[in-house]
2 protein chains.
Amino acid sequence: MAKTAEPPERREKQDTRRAILDIAQELFAAQGYAGTSVADITSRLGMSKAALYYHFSSKTEILRALLQEPIAAYARLAEDAAGPLGTRELLASVIDTTVDLRALIDVIGNDPSAQSALQDLIPRSREINEAITAALAGPQPDPARIIRAHAAYAAAKNGTLALLAAHGGRLSRLDRTELLAAAERALTSTDSPSAS
Amino acid sequence: MAKTAEPPERREKQDTRRAILDIAQELFAAQGYAGTSVADITSRLGMSKAALYYHFSSKTEILRALLQEPIAAYARLAEDAAGPLGTRELLASVIDTTVDLRALIDVIGNDPSAQSALQDLIPRSREINEAITAALAGPQPDPARIIRAHAAYAAAKNGTLALLAAHGGRLSRLDRTELLAAAERALTSTDSPSAS
DNA sequence: GTCTATAAGACGATAGAC
DNA sequence: GTCTATCGTCTTATAGAC
């Protein structure tokens with residue numbers, strides 16, 4: 001009991017850090033990164049700006065901490081795409097990853113000011129999108145198949161975001177099943193079945 | 001010849017106004033609305049901030065002028081959705097409208113700071129999305145059909161944006177044809193053809 | 001129609017006390 | 001770990017000359 005107990009100060013420090021990140025995420029999504037001031041964040045928490053700067057050395061570092069997990073998750077998605085995964089499994093992975101990261105995708109994917117603030121970390125998102133659509137298109141794809149890959153990816157990713165927004169943040173099993181089937185149909189032309 | 005000639009001063013004023021809007025659109029898309037200062041815009045044009053404020057009374061009004069056309073175009077799309085249009089024609093209309101407004105959709109649809117700056121004009125975009133997906137779902141739709149409507153709308157709209165980005169801003173006829181077919185397949189389930 | 005100069009305040013970030 | 005007070009800069013917007 002003595003060894004497993006954590007020092008209480010450590011605990012509080014981590015909690016405050018988490019609280020800052022939670023509020024920052026909410027405000028960045030609502031007003032944008034550039035549109036949210038450090039004072040906006042601290043006033044919501046009832047603390048001073050100086051207190052926040054004890055936990056984060058800059059506003060940019062808050063954004064960096066928020067985007068660390070999503071960027072890693074998307075990198076995993078790109079690795080999946082490069083692997084031996086079938087198109088159905090890949091599209092399902094796109095849907096599931098999008099669900100997990102919905103709140104942060106509002107920041108990472110939608111806010112130009114966040115992207116220009118993290119120029120070193122973000123450029124990968126474009127590469128990842130290309131890797132996924134390339135994997136969906138398959139080897140030696142004809143132009144039409146590339147177009148269908150973009151359509152299927154958009155149906156999976158943005159369809160998921162739209163349904164999450166419409167259904168109050170939860171994706172039902174029916175949502176997932178129908179969305180996946182629709183994305184697969186978008187990918188597969190009727191006159192060239194192209195079995196995966 | 002005397003009556004048709006326009007006063008040259010009027011002409012220059014309109015030209016300067018257009019130049020401001022063009023640069024503002026480019027910078028808002030790249031850095032976000034909140035992330036772009038009035039000085040950023042005027043320095044690109046080689047003019048003073050005061051000169052800009054002769055043409056626009058505030059930074060918000062520049063944004064409002066930029067979004068006026070896109071909002072009207074989307075409103076027209078919502079009217080089309082309410083009319084007797086078939087689902088194929090509606091999806092084609094979504095693709096064509098997205099192409100026309102691609103540069104501004106980067107602002108209207110992607111930037112949280114722009115949306116929070118124009119709270120009175122923007123809330124309609126959510127209603128319009130709902131009107132389009134409702135029209136795609138048809139009368140008395142079952143839950144699965146509503147999901148497919150979201151998938152088809154995402155394929156048409158975001159698929160168009162992805163292809164525009166990948167193909168350097170132009171949508172070929174093949175792009176349009178394949179995208180439309182893919183969106184239609186996403187909408188129509190194999191075991192319930194649901195003729196429109 | 002455009003300029004210089006400046007007002008008035010918000011911004012990110014720090015110093016130093018407790 | 002949090003505070004008050006403040007620094008220096010950037011911001012939107014205006015005044016007044018040309």
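Chain identifiers are assigned alphabetically (A, B, ...) following the order of the sequence lines, protein sequences preceding nucleic acid strands; residue numbering begins at 1 within each chain.
When the C1' atom of C:dA13 is taken as reference, atom CD1 of A:Ile20 falls 15 Å away, rounded to whole Å. The distance from atom CE of A:Met47 to atom P of D:dT2 is 5 Å, rounded to the nearest whole Å. Rounded to an integer number of Å, the gap from B:Phe56 CZ to C:dT2 C1' is 16 Å. C:dC3 atom C1' lies 14 Å from atom CG of B:Leu52, rounded to whole Å. Look at CG on B:Leu45: it is 10 Å from P on C:dC3, rounded to the nearest Å. Between A:Glu61 atom CD and C:dG12 atom P the separation is 15 Å, expressed in whole Å. As a whole-Å value, the separation of A:Gln14 CD from D:dG1 C1' is 13 Å.
In terms of the salt bridge (Lys or Arg N to Asp or Glu O under 4.0 Å) criterion, residue partners of B:Arg44 (sequence neighbours excluded) are, by chain and number, B:Glu26.
Here the CG-CD distance, from B:Asp22 to B:Gln25, works out to 6.5 Å after rounding to the nearest 0.5 Å. The CG atom of B:Leu187 sits 4.5 Å away from atom CZ of B:Arg145, with the distance rounded to the nearest 0.5 Å.
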Practice problem: Report, as a single string ordered 5' to 3', how protein heavy atoms within less than 4.0 Å touch nucleotides 4-18 of chain D: B base, S sugar-phosphate only, - not at all. | Solution: B------SBBBB---
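For D:dT2, the OP1/OP2 oxygens have a side-chain nitrogen or oxygen of A:Thr16 closer than 4.0 Å. The shortest distance between the side-chain N/O atoms of A:Tyr54 and the OP1/OP2 oxygens of D:dT2 is not below 4.0 Å.
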Show every donor-acceptor pair shorter than 3.5 Å between a side-chain atom in residues 27-35 of chain B and any protein atom, with sequence neighbours excluded, or say none if there are none.
from	atom 1	to	atom 2	distance (Å)
B:Gln31	OE1	B:Thr36	OG1	3.3
B:Tyr33	OH	B:Thr60	N	3.3
B:Tyr33	OH	B:Thr60	OG1	3.4

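Crowding of A:Glu69 atom CD: a count of heavy atoms from other residues, nucleotides or ligands under 6.0 Å not exceeding 12.
In the hydrophobic clustering of this structure, A:Val94 groups with A:Ile105; members are Ile, Leu, Val, Met, Phe, Trp, Tyr whose side-chain heavy atoms approach within less than 4.5 Å, directly or through other members.
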